[in-house]
Amino acid sequence: MKPSIPKGTRDFSPQEMVKRNYIFDTIKRVFQRYGYLPIETPAMENLSTLMGKYGEEGDRLIFKILNNGNYFSNFKNDEHLSEVKNQGEKGFTQYISEKALRYDLTVPFARYVVQHQNEITFPFKRYQIQPVWRADRPQKGRYREFYQCDADVIGSNSLINEVELVQLIDDVFTKLNVPVLIKINNRKILSGIAEVIGEKEKITTITVAIDKLDKIGVDGVNKELQENGVSVVAIEKLQPLIRFQGSTSEKLNFLKKLLTTSEIGLNGVEEAECIFKGLAQIPDFKSQIELDITLARGLNYYTGAIFEVKATNGTLTSSICGGGRYDDLTGIFGLPNMSGVGISFGADRIYDVLNELNLFPESVSASTKVLFVTFGETEQNYCIPLLARVRKAEINSEIYPDATAKMKKQMSYADDKKIPFVVIVGGDEVQNGLLTLKNMASGSQDKKTIEDIIEILKNNH
RNA sequence: GUGGCCAUAGCUCAGUUGGUUAGAGCAUCGGUUUGUGGUACCGAGGGUCGUGGGUUCGAGCCCCAUUGGCCACCCCA
């Protein structure tokens, strides 16, 4: 049998894992710096928890888990079965599947909050770093299993949360040395726009279309709007808006005038203004920020501010971080009036960016600092207590396990694992207690006591 | 769900109008060296040419189907 793994999934080698952990550790440290605490939720959720939260397209992309046991036990009789068959794929699914792999971390978090509401002190700030699964067609920067790193605060309406999250994004990418553009918009502005052009019900169509502006251009957007039944008058009214260019404050002023008749729209503009005002006060803010009224984001549950982050260098054009405010995600689980806002880092895409731009620091590849090389069982036994002392000094160390292996083999092992030092222990060394410490980079070697070796290794970084 | 490109050793790829036993580099293992890696030299293992059918005296090469991968659309981290 030829070994293989499912489409869109990957194995990670030690070399890759060291780099991945560098990303996870960086993000985790920043999350903690801002007062977020970790939780974990199961890989699988009840299918009903997930369905309908991500839009129609989202439902299709949820990985369903087939029930165990007899799939037919849920059918009363043959007539019932054929009745369900006629409902098509969607109707049939609920009879043979009641669990699914999580699609993101936000909806399971909402479920968690409602389920544990009596144990939680609000506002609740949590972070969560776990894989999610999507039954998508894999392609560049898109996987079927990938890690999200989420930070959310729930139970607070304050816009300082939005400001802090953008600051957090800036912190993470500054630490990772990735130059980014953070795009900010507000769903209320989009609602307002739909309202003033007289197509309030077509808001989803409109936002999805103008989201593609930089991809398909003004004409493409207009064409798509027309094809989806948006009136010519409405499209005409939309033109000055999608063609508008200017600074953030110019955009805000323009929107204020345009949206005078829409309460919700003005509200959105106010919120955006407040967030940008807050951001302006942050010292040493490195990232580019932009108010982008064409930013829509697909996930249905966003109601206020929305964010999206893209790397400004490299060939990966898809977003590496995204988020926004959702006013009523917990409502469907029975806890209304609980507003939350959060962001999600796509660790795998960030990895691709760092890899392409060569931004991983050298130091992340080193793990073992010293390898003990021996010539036989006597020497190997002699090393056991020495190794214990080295490890007690918090120096990563190992001994070549096969005592009869040739020296060449043992040295190659050190070389292959990029271990910077080797301690050679043969008959001479055992006899006089002076060990040979070899620096693999320079090739030089000296006889040293174990105490000296520990000192040298401790001071070498 | 729609479309395009591709499939030869563990990896990256050669392979002539269809013609003997399908090659190279890298990687792996062994040796040159029984106390010295990364460089050098010598050698070895490793393939039903993705799978199934067809055309032909003869197929890695041509045709059909199928599976898998990559890329784009949709959508998204």
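Hydrogens, waters and symmetry mates are skipped; everything else that's a heavy atom, side chains included, is used. To find a chain, count down the sequence lines: A is the first, B the second, and so on, and within it residues start at 1.
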- Item | Side-chain donor/acceptor of A/Lys438 to base of B/U36, under 3.5 Å | yes

- Query: Does a distance-only test, which skips hydrogens and angles, find a donor-acceptor pair under 3.5 Å between the side chain of A/Asp415 and the base of B/G38?
  - Reply: no

- Please, what dot-bracket string fits RNA chain B when only Watson-Crick and G-U pairs with both distances under 3.5 Å count, crossing ones use [ ] and pairs to another strand use |? (((((((..((((.....[...)))).(((((.......))))).....(((((..]....))))))))))))....

- Query: How many Å lie between CD1 on A/Ile169 and P on B/A77, as a whole number?
  - Reply: 13 Å

- Query: So, A/Arg325 and A/Glu162, do they make that salt bridge, N to O below 4.0 Å?
  - Reply: yes

- Under-4.0 Å salt bridge between A/Lys64 and A/Glu98: no

- Query: Between B/G37 and A/Lys406, is there an OP1 or OP2 to side-chain N/O distance shorter than 4.0 Å?
  - Reply: no

- Task: Answer yes or no: is there an ion pair linking A/Lys447 with A/Glu429, defined by an N-O contact shorter than 4.0 Å?
- Result: yes

- Query: Would you say A/Gln139 reaches B/A72's phosphate, i.e. side-chain N/O to OP1/OP2 under 4.0 Å?
  - Reply: yes

- Message: What is the distance, to the nearest angstrom, from the CZ atom on A/Arg134 to the P atom on B/C74?
- Response: 17 Å

- Query: Is the cationic atom of A/Arg134 (NZ for Lys, CZ for Arg) positioned less than 6.0 Å from the six-membered ring centroid of A/Tyr103 and within 45 degrees of its normal?
  - Reply: yes

- Message: Between the base of B/C75 and the side chain of A/Arg142, is there a donor and acceptor pair under 3.5 angstrom?
- Response: yes

- If you measure from the P atom in B/A24 to the same atom in B/G35, how many Å do you get, rounded? 35 Å

- B/U67 and B/A27, which share atom name C1', separated by this distance in whole Å: 28 Å

- In whole angstroms, how far is the P atom of B/G35 from the CD atom of A/Glu429? 12 Å

- Query: Can you tell me if the side-chain N/O atoms of A/Lys7 get under 4.0 Å from OP1 or OP2 in B/G69?
  - Reply: yes

- Ionic contact status for A/Arg20 with A/Asp348, cut-off 4.0 Å: yes

- Message: Can you tell me how the ring of A/Phe109 sits relative to the ring of A/Tyr112, calling it parallel under 30°, perpendicular over 60° and tilted otherwise?
- Response: parallel

- Query: For A/Phe146 and B/A77, do the ring centres fall under 5.5 Å apart while the planes stay under 30° apart?
  - Reply: yes

- Query: Looking only at atom C1', what distance separates B/C61 and B/U17, rounded to whole Å?
  - Reply: 11 Å

- Message: At less than 4.0 Å, is any side-chain N or O atom of A/Lys215 found next to OP1 or OP2 of B/C73? Yes or no.
- Response: yes

- Distance test, side-chain N/O of A/Lys418 to OP1/OP2 of B/G37, below 4.0 Å: no

- Return the orientation label for the A/Tyr326 and A/Tyr301 ring planes: parallel under 30°, perpendicular over 60°, tilted otherwise. perpendicular

